[in-house]
Amino acid sequence: MSGSDKRAPEDCTSMEELRAEIDRVDDALFDLFAERMTYIHRAAELKAGIGLPANIPTRVDQVVENARRRAAAHGLAPELYGSIWEKIVEAAIAEEERRLNGKAEQ
């Protein structure tokens, strides 16, 4: 099923169709996470060039608060998505630290 073949939840008439749509959305999320990581890799390169650390607490707070705000705007639980984003940011910082320490996985 291509992206143009997606079904609205109310158009799913079986659990198989519904699960297929959830899997499609999950695939799209992982595509976006992979794209996001390319920007994390570039952030590490830029930070190395200007002497910034991987972990900048004020930026971490900003990113997590943005996630909470976006979640609320979409009718989702801000605290849950804030927690999820904290984990995403932790992973990004760890990746940046690996790259800043010359231990990038190629």
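Here the CG atom belonging to Leu18 is positioned 10.0 Å from the CG atom belonging to Asp23, to the nearest 0.5 angstrom. Here the straight-line distance linking atom NZ of Lys47 with atom CZ of Arg42 works out to 13.0 Å at 0.5 Å rounding. Atom CD of Glu95 and atom CE of Met37 lie 5.5 Å apart (nearest 0.5 Å). Note that CG of Asp26 is 11.0 Å distant from CD of Glu21, once rounded to the nearest 0.5 Å. Summarising the geometry, atom CZ belonging to Arg19 is positioned 11.5 Å from atom SG belonging to Cys12; distances are rounded to the nearest 0.5 Å. If you take CD on Gln62 and CG on Asn66, they are separated by 5.5 Å, rounding to the nearest 0.5 Å.
Placement of Leu29 and Leu80 within a single hydrophobic cluster is found when ILVMFWY residues are connected by side-chain heavy-atom separations under 4.5 Å, directly or transitively. With hydrophobic clusters built from ILVMFWY side chains whose heavy atoms lie under 4.5 angstrom apart, Val25 shares a cluster with Phe30. Val60 and Phe33 fall within the same hydrophobic cluster, defined by Ile, Leu, Val, Met, Phe, Trp and Tyr side-chain heavy atoms under 4.5 Å apart, directly or through other members.
Hydrophobic side-chain contacts under 4.5 Å tie Ile56 into a cluster, directly or through other members, with Ile50, Leu52.
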Q) Given the rule in the side-chain contact (heavy atoms from CB on, under 4.5 Å) test, do Glu65 and Asp61 qualify, once you have shown the distances and angles that lead to the verdict? A) CA-CA 6 Å; Glu65 187 52 39; Asp61 292 345; over 6 Å; no
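Residue Ala72 comes nearest to Pro78 through the heavy atom pair CB-CG, 3.8 Å, listed as atom of the first residue, atom of the second, then distance. Residues His74 and Arg70 come closest through the heavy atom pair ND1-O, 2.8 Å.
A donor-acceptor pair under 3.5 Å links the side-chain atoms of Glu17 to the main chain of Thr13, judged by distance alone. Of the possible polar contacts, one joining the Asn101 side chain to the Glu97 backbone as a donor-acceptor pair under 3.5 Å is found.
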Could you tabulate the donor-acceptor pairs under 3.5 Å formed by side-chain atoms of residues 81-94, not counting sequence neighbours?
{"unit_1": "Ser83", "atom_1": "OG", "unit_2": "Glu79", "atom_2": "O", "d": "3.0"}
{"unit_1": "Glu86", "atom_1": "OE2", "unit_2": "Arg68", "atom_2": "NH2", "d": "3.2"}

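Here Arg99 does not pair with Glu96 in a salt bridge; the nearest charged N to carboxylate O distance is not below 4.0 Å.
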